[in-house]
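Below is one structure, written out as structure tokens; comments come after it.
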Amino acid sequence: MWRCEYGKEPFDMRLFVLLCRRRLWMVLAGILAGAALAGGVYYMKNVTFGGVIPYTMDSKYYLEYAVDPGDQQPYSYFASYTWNDLLKSEAMVEEMLGELSVSMTAEELKAGFEPELMSDLRICYIHTTHRDAEKVREIDRVVGLAMSALGERQKELLEVSLLDRGEPRLAAPDLRTFRACVLGAVLGGFFSLFGLGLQMMLDEKVYVPGTLARRCGLPVAGYVAREGKPSKELGIQLGYLLGDKKKVGVTAVGGESDPEGMAGLFGKLEGTGEGRTYTPVPGLSQAPEAGERLRGLEAVVLLVQAGRDRGKDVEEMLRQLTQLGVEVDAMVLTGADDRLIRHYLWGKRT
């Protein structure tokens with residue numbers, strides 16, 4: 001008795017990999033599209049519409065710390081966040097605004113510089129950034145005055161001296177277009193593979209004989225390749241499955257298969273039995289009255305076109321034949337990809 005159980009059909013990873021090899025261009029297209037999309041969006045956002053490139057300037061100060069008279073040990077060094085709190089305190093910002101020769105708000109001033117301590121805690125770097133080169137110089141100058149003032153006011157410091165002062169220059173933008181392209185390529189490849197897997201899970205078409213036998217629960221004698229070459233086992237399997245039945249009808253699920261040509265091919269195969277005749281019968285979808293002709297025959301071979309006939313079409317054909325009292329003795333996969341099937345069965349006992 002035939003059956004169609006799609007819900008219990010396992011995912012065939014081997015077949016999926018082989019089909020992906022044939023559709024490798026889709027994965028490559030997804031990778032290229034993902035890289036182009038991510039890289040293009042990132043470049044447009046950060047370069048084309050990234051706004052005016054600001055100027056930057058760096059100054060370096062040496063911090064000489066005092067000794068605690070209580071234990072004759074140097075005071076603890078200030079960390080970067082301490083310098084940030086000291087220099088951007090309300091009182092210090094007011095003093096710096098009073099020293100500026102250009103108009104600027106307190107928020108603009110505080111956003112324009114950043115103190116930083118690197119490997120040596122006795123050296124403080126002041127990074128200044130602004131869209132106006134003249135304001136960059138002014139911010140750096142008044143921050144330098146504030147550094148000197150802190151050196152005089154803080155008991156922990158003996159002196160703050162300027163080591164180096166640069167010149168305003170255009171800030172090199174931190175562009176990561178290549179990383180964006182790589183990320184887009186990875187995501188594009190992943191979603192392409194995911195899409196292929198989802199398509200295969202929803203694909204009801206049959207590509208190898210094993211899938212057809214597992215879905216329908218009926219014996220599959222073999223396959224006929226696209227070039228018209230039958231599989232090696234087809235003749236022997238037909239002879240075994242048909243037994244001593246002499247009048248055999250050959251019908252098809254859809255219009256892609258050629259019952260007349262297949263009937264002639266089956267008659268020439270060795271092992272199909274002497275005196276057996278194969279009669280081509282149009283499929284029920286093309287000729288509904290074909291059921292009467294099939295009922296007058298001893299056996300029926302059903303042709304299923306590989307990669308064309310949908311699972312629901314095969315199921316509907318078997319349902320109609322069962323209602324008419326016609327039993328399918330064997331199925332044959334036609335128009336099959338011989339190379340795909342050989343690779344699929346490679347390493348397996350057939």
Side-chain angles (χ1 to χ4, degrees), residues 42-180 183:
Y42 182 88
Y43 187 86
M44 293 288 289
K45 177 180 180 294
N46 294 279
V47 178
T48 306
F49 302 107
V52 179
I53 299 176
Y55 288 89
T56 185
M57 182 176 176
D58 296 323
S59 295
K60 183 166 57 176
Y61 295 87
Y62 182 78
L63 312 174
E64 185 176 353
Y65 284 85
V67 175
D68 187 349
D71 56 8
Q72 297 301 312
Q73 296 294 325
Y75 284 104
S76 297
Y77 294 168
F78 294 160
S80 294
Y81 66 85
T82 304
W83 281 105
N84 188 71
D85 289 343
L86 291 172
L87 291 172
K88 295 185 179 181
S89 63
E90 185 175 347
M92 192 59 68
V93 170
E94 286 296 330
E95 291 185 20
M96 287 189 284
L97 287 174
E99 295 290 340
L100 284 173
S101 61
V102 294
S103 177
M104 193 179 304
T105 64
E107 290 74 17
E108 187 179 3
L109 175 61
K110 289 192 290 185
F113 71 93
E114 197 70 32
E116 181 182 13
L117 299 177
M118 296 186 182
S119 58
D120 192 341
L121 297 180
R122 294 169 299 178
I123 297 179
C124 181
Y125 294 84
I126 302 296
H127 304 294
T128 308
T129 306
H130 200 281
R131 293 187 297 177
D132 190 327
E134 184 60 31
K135 288 188 176 182
V136 167
R137 285 193 179 92
E138 274 298 293
I139 294 174
D140 181 80
R141 183 181 67 83
V142 298
V143 172
L145 295 177
M147 291 288 292
S148 300
L150 288 174
E152 297 174 358
R153 299 173 187 174
Q154 296 294 132
K155 66 177 183 177
E156 295 86 355
L157 296 168
L158 284 178
E159 184 182 4
V160 176
S161 56
L162 177 65
L163 291 179
D164 185 36
R165 173 169 283 163
E167 289 293 329
R169 66 185 185 280
L170 286 174
D174 184 19
L175 295 179
R176 302 182 182 181
T177 307
F178 179 73
R179 292 187 181 182
L183 176 62

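Keep in mind the model is a prediction, meaning the values are calculated, not measured. For this chain, numbers begin at 1 and follow the sequence in order.
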What are the two closest non-hydrogen atoms of [X] and [Y], and how far apart are they?
| X | Y | answer |
| --- | --- | --- |
| M96 | L87 | CE-O, 3.2 Å |
| D140 | M57 | OD2-CE, 3.5 Å |
| A133 | Y55 | N-CD1, 3.7 Å |
| Y61 | G144 | OH-CA, 3.0 Å |
| M147 | L63 | CE-CD2, 4.1 Å |
| V136 | T128 | O-CG2, 3.6 Å |

Evaluate whether atom [atom1] of [X] has more than 12 neighbouring non-hydrogen atoms of other residues, nucleotides or ligands under 6.0 angstrom away.
| X | atom1 | result |
| --- | --- | --- |
| F178 | CZ | no |
| R169 | CZ | yes |
| F78 | CZ | yes |

Legend entry - With sequence neighbours excluded, residues passing ring pair (Phe, Tyr, Trp, His ring centres under 6.0 Å) with Y77: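 Here the qualifying residues are Y65.
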Which value, rounded to the nearest 0.5 Å, describes the distance between [X] atom [atom1] and [Y] atom [atom2]?
| X | Y | atom1 | atom2 | answer |
| --- | --- | --- | --- | --- |
| E134 | S101 | CD | OG | 6.5 Å |
| S59 | I139 | OG | CD1 | 11.5 Å |
| R141 | R165 | CZ | CZ | 9.0 Å |
| L121 | S80 | CG | OG | 8.0 Å |
| L109 | M92 | CG | CE | 11.5 Å |

Any side-chain heavy-atom pair of [X] and [Y] under 4.5 Å:
| X | Y | answer |
| --- | --- | --- |
| V102 | D132 | no |
| Y62 | R122 | yes |
| L150 | V160 | no |
| M118 | I123 | no |

Inset, instruction - Considering only NZ, NE, NH1 and NH2 on the basic side and carboxylate oxygens on the acidic side, decide whether K135 and E138 come within less than 4.0 Å. - result: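 Salt bridge: no.
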Inset, instruction - Please collect all salt bridge (charged side-chain N to carboxylate O under 4.0 Å, His left out) contacts where either partner lies in residues 151-160, sequence neighbours excluded, each pair once. - result: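 Sorted pair list: E95-R153.
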Legend entry - Donor on one side chain, acceptor on other, S161 and E64, under 3.5 Å: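 Not at all, the side chains of S161 and E64 share no donor-acceptor pair under 3.5 Å.
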Which side-chain N or O atoms in residues 110-117 pair as donor and acceptor under 3.5 Å with protein atoms at least two apart or in another chain?
from: E114; atom 1: OE1; to: K88; atom 2: NZ; distance (Å): 3.1
from: E116; atom 1: OE1; to: H127; atom 2: NE2; distance (Å): 2.6

